Enquirer: 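This structure is in structure tokens; I'll ask about it shortly.
In each ligand, atom 1 is the first atom listed, and ligand 1 is the first ligand listed. If you're wondering where the values come from, they're calculated on a predicted model, not measured in any experiment.
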Amino acid sequence: MRYVSTRGAGPVTLDEAIVAGIAGDGGLFVPESLPEFADADFDSADSIQAVAKVLFEPFFGGSTLAGDLDAVLAETFHFDIPTTPLAGGDWSLLELYHGPTAAFKDVGAGFLAACLSRLEGDVERPLTILVATSGDTGGAVAAAFNERPGMRVVVLFPAGRVSARQEHQLTCWGDNVLSLRVDGAFDDCQRLVKAALAEKELSERYRFSSANSINIGRLLPQSTYYAHASLAYYRATGEKPGFVVPTGNLGNALACIMAREMGLPIGPVVLATNANRTIADYLETLKWLPRPSVQTLASAMDVGDPSNMERLRGLLGEAEILRERLGVMAVDDAHIEAEIRLAFAEFGFAICPHTATASHTVRQMDAGTRAANHWILAATAHPAKFETIVEPLIGEAVPLPAELTEILSRPSRAVDVQPTLEALTQSMQHYF
Ligand SMILES: *Cc1c(COP(=O)(O)O)cnc(C)c1O
């Protein structure tokens, strides 16, 4: 399999696409063509790892990682991703939150770490991943690269602007992870990462790289859980389930759409966004109008210019086609809050604000559409990560899952820095 840029450059191998992250012409890497599968191809594949093995064989063709595929998948899918029926049984929850940091980004970060450490890890001259984060991404990336030989991570997060539990997830790792609490906003963290990457001498000395969400190595593995969940439902019932996916930068939803394009038994796909309406407006008005993001309760989806739209348009087409192939609904904060309460009363357990956009979307469907399919909601994070939002709404504490208990019991350490390149360089010199 070869990979090309959405803007034409390439083709390159999987290894080159993963190492480069973004294509030389500024576009995003996509497979030159998607493989097609028949249900029978998965006949002897039951576990998620076995499904992933069938799915990934073609994607790893021509990669130096081909011989490591089993090990890469074992490192990525080392936790369960169950599908749980919800009250009444006509819908269910795809629980993507059992990884080390209790959010679906653990899958993409884990796979990227497994690939990148094999491709570029060097104990003499470690590769240094720089990651600016406003919360979820930094934790998943730090956890994935934690204690991997030949790899280092520098996490930059804005002081006082992440929740206490989020901060702990960013600061509780081994010696190869340096957590910097930046006296500034998320934009300052991002600016620092860009400035560091642009400094040639510094960049060569530390072998800087990024684990950006647009890396194809974070996108591809996410198709696996849609393949696995849809096959299980299809085998049991003979019907294709529909999926509702909470959407921000469109990575998770794109992986679901790719699985459907590859022939997996997936029915309708509906995107649920928060009040950042860029995608919903595009399908409604046919005009692509990216804009600054607005802050919402589903903060990991606060994206006003989803970069994966470039991949989606390349894969399916422009708005006229997209509106026929996809559903979309934008859910504002008031409805997110109401849904968290309603879901708790109906299901008997809490859901996170991101997952609530999906659940509200199913409730808003007309009766015919809702009844025509079994709807599987992608539950993107554990509610205990967003306890300051969820607990006041449901009036009780959300029990901590084992993975978060483990993380919160680790000692935390962070270095306070000013938002300057000099401060960043000094702490790297001191700690690495
Ligand atoms: C990142 C994230 C999302 C959005 O996923 P995209 O791939 O950016 O669309 C949704 N929910 C949670 C909890 C996230 O961390």
Enquirer: Find all atoms of ligand 1 within a distance of less than 4.0 Å from any non-hydrogen atom belonging to Lys105, and give their numbers and elements.
Expert: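 Near Lys105, the atoms of ligand 1 are 1 (C), 2 (C), 3 (C), 14 (C), 15 (O).
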
Enquirer: Out of all atoms in ligand 1, which are within 4.0 Å of some heavy atom of Met301? Include the element for each.
Expert: 3 (C), 4 (C), 10 (C)

Enquirer: I'd like to know if the side chain of Asn276 and the backbone of Val294 have a donor-acceptor N/O pair within less than 3.5 Å.
Expert: yes

Enquirer: How are the rings of Tyr226 and Phe243 set to each other: parallel, tilted or perpendicular (split at 30° and 60°)?
Expert: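 Geometry flag for Phe243 against Tyr226: perpendicular rings.
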
Enquirer: Given the ring of Trp173, does Arg413 sit roughly above its face, with NZ or CZ under 6.0 Å from the centre of the six-membered ring and within 45° of the axis?
Expert: no

Enquirer: Which option wins on minimum heavy-atom distance to atom 8 (O) of ligand 1: Asn249, Val303, Leu271, Thr380?
Expert: Asn249

Enquirer: Between Phe208 and Tyr206, how do the two ring planes meet: parallel, tilted or perpendicular, split at 30° and 60°?
Expert: parallel

Enquirer: Is Ala300 touching ligand 1 with its side chain, its backbone, both, or neither, if touching means heavy atoms under 4.0 Å apart?
Expert: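 Both the backbone and the side chain of Ala300 come within reach of ligand 1.
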
Enquirer: Can you find an N/O atom of Cys352 closer than 3.5 Å to an N/O atom of ligand 1?
Expert: no

Enquirer: Without swapping roles, check the side chain of Asp25 against the backbone of Ala9 for a donor-acceptor pair under 3.5 Å.
Expert: yes

Enquirer: Is Asp136 touching ligand 1 with its side chain, its backbone, both, or neither, if touching means heavy atoms under 4.0 Å apart?
Expert: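 The side chain, only.
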
Enquirer: Can you list the ligand 1 atoms lying under 4.0 Å from a non-hydrogen atom of His354?
Expert: 11 (N), 12 (C), 13 (C)

Enquirer: Using heavy-atom distances, let me know which of Tyr97, Phe104, Phe386 sits nearest atom 3 (C) of ligand 1.
Expert: Phe104

Enquirer: Please verify the inter-ring angle class for His374 with Tyr233; under 30° counts as parallel, over 60° as perpendicular, anything in between as tilted.
Expert: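 Ring orientation, 0 to 90° scale: parallel.
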
Enquirer: Given that the side chain starts at C-beta and the backbone is N, CA, C, O, which of these parts of Thr137 lies under 4.0 Å from ligand 1, counting heavy atoms, or is it both or neither?
Expert: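 None of Thr137 does.
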
Enquirer: Could you check whether Glu75 pairs with Arg148 (Lys NZ or Arg NE/NH1/NH2 to Asp/Glu carboxylate O, under 4.0 Å)?
Expert: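 Yes, charged N to carboxylate O under 4.0 Å.
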
Enquirer: What residue and atom, counting heavy atoms only, is the protein's closest point to atom 9 (O) of ligand 1, and at what distance?
Expert: Gly248 N, 2.7 Å

